[in-house]
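Contents: one structure, followed by commentary.
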Amino acid sequence: MESIGVLLLCPLMPYLEEELDKRFKLFRFWNYPQKTQFLKDNAHSIRAVVGGTTDGADADLIEALPKLEIVSSFSVGVDKIDLNKCREKGIRVTNTPDVLTDDVADLTIGLILALLRRICACDQYVRSGKWKQGDFELTTKFSGKTVGIIGLGRIGMAIATRAEAFDCPISYYSRTEKPESKYKYYPNVVELASNCDILVVACPLTKETHHIINREVINALGPKGVLINVGRGKHVDEPELVSSLLQGRLGGAGLDVFENEPHVPEQLFGLDNVVLLPHVGSATVETRTAMADIVLGNLEAHFLGKPLLTPLV
Ligand SMILES: O=CC(=O)O
């Protein structure tokens, strides 16, 4: 397999790079500033592309690589990959589901607790010596709050299970009702937002879910409601979110993702009712290693003519 060209779109994890290097002829895209020339020179040797949450195979890249057979993504979300183009051209697509579910769900609960109990501000309070002048102000209880989840897939379900342990009533929105679910279903997001304290975005980013959190949803959530986004930045109309927080129309937000990462609207930095994370939902050594092994396993399976581990297309 050493002669098979694999294009790695962006640095993802040293372990993954080392293992790809051992098995394939690895091209690191970021090492070639003349992208168009690089693609022309290597169009006939690249048979696989590896990307992640920030970089995927878009239509132009797919068109530039006539020998492309598989796109193996180091992420569960595949919104950066032109899936229709891949289908059209018979290019296989894989992602890394399941192994990251626990981490993302754990972090969601962490974000909720950090936001409601103001854990980051409390930590700062102790470090800055302010505790010596008096106790920290009272915060907000999590247990028993109503949690609304957008997207009751693997991650949404894992969040629901965890929130249940905090005695939270759970409700959800998804395209279709899940008859097997015991949670309350709302057929639209505004209704869900009107009926929960904490609204969690945990669905894939698609044309339909782009800006699923808009002004109407935010207003329905209201000044006592909080938004948690562990999906994609583009699920949220970010300027609208910022103005709702500045105007007090929304109670708070816990965000792991942003519309234009790594750029975060600076107006958020001054607010004490937000917790901001640098897209780290799956970012543990254990999970990222498992994700890398799935990427490698899918590529090996493909080139050995075996069934893919996690086929999407
Ligand atoms: O955002 C993380 C992922 O899609 O894996």
Side-chain angles (χ1 to χ4, degrees), residues 8-17 19-20 49-58 70-83 86 92-112 149-159 162 174 200-213 227-236 238 241 253-264 275-299 308-313:
L8 181 59
L9 296 178
C10 52
L12 292 170
M13 183 184 184
Y15 165 70
L16 176 59
E17 278 186 46
E19 295 302 315
L20 284 170
V49 162
V50 175
T53 55
T54 54
D55 298 76
D58 60 14
I70 179 166
V71 178
S72 184
S73 194
F74 183 72
S75 65
V76 68
V78 288
D79 44 283
K80 287 280 159 59
I81 303 174
D82 191 327
L83 296 177
C86 289
R92 307 300 309 273
V93 178
T94 64
N95 64 344
T96 58
D98 298 316
V99 291
L100 46 63
T101 300
D102 283 343
D103 272 0
V104 179
D106 293 351
L107 193 80
T108 304
I109 300 299
L111 256 179
I112 296 172
I149 302 174
I150 301 178
L152 203 64
R154 286 174 282 236
I155 293 174
M157 272 302 294
I159 294 167
R162 282 158 177 74
S174 60
V200 180
V201 183
C203 58
L205 178 65
T206 61
K207 266 207 252 43
E208 293 72 35
T209 63
H210 181 265
H211 284 190
I212 195 165
I213 304 298
L227 176 74
I228 304 291
N229 190 3
V230 291
R232 287 286 184 267
K234 289 185 193 309
H235 281 126
V236 177
E238 202 165 76
L241 173 68
L255 308 169
D256 185 38
V257 288
F258 301 88
E259 277 209 271
N260 184 27
E261 295 170 8
H263 304 285
V264 174
V275 175
L276 310 170
L277 304 182
H279 200 154
V280 288
S282 67
T284 65
V285 174
E286 295 88 337
T287 293
R288 289 286 167 89
T289 306
M291 290 165 65
D293 286 335
I294 292 178
V295 169
L296 295 162
N298 276 313
L299 292 175
L308 299 178
L309 308 184
T310 55
L312 260 186
V313 172

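Order of listing sets the numbers, starting from 1, for every ligand and every atom in it. Quick note: residue numbers are just sequence positions, from 1.
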Show the nearest heavy-atom pair for residues Arg288 and Met13, with the distance to one decimal. O-SD, 3.5 Å
Distance-only N or O hit between ligand 1 and Thr53, under 3.5 Å: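 Looking only at distances, the answer is no, because the N/O contact criterion of under 3.5 Å is not met.
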Ser282, any N or O under 3.5 Å of ligand 1 N or O: no
Please identify which atoms of ligand 1 are closer than 4.0 Å to at least one heavy atom of [X].
{"X": "Ser75", "value": "3 (C), 4 (O), 5 (O)"}
{"X": "Gly77", "value": "3 (C), 4 (O)"}
{"X": "His279", "value": "1 (O), 2 (C)"}
{"X": "Leu100", "value": "5 (O)"}

Please answer whether the main-chain N or O of [Y] pairs with a side-chain N or O of [X] as donor and acceptor at a distance below 3.5 Å.
{"X": "Asp256", "Y": "Val280", "value": "yes"}
{"X": "Asn95", "Y": "Ser73", "value": "no"}
{"X": "Asn298", "Y": "Thr310", "value": "yes"}

Derivation of the side-chain contact (heavy atoms from CB on, under 4.5 Å) call for Val257 and Lys234: CA-CA 8 Å; Val257 288; Lys234 289 185 193 309; over 6 Å; no
Audit row: Leu241, Leu255, side-chain contact (heavy atoms from CB on, under 4.5 Å) steps and yes/no: CA-CA 11 Å; Leu241 173 68; Leu255 308 169; 3.8 Å; yes
Note: Val76, heavy atoms under 4.0 Å from ligand 1, region reported as both
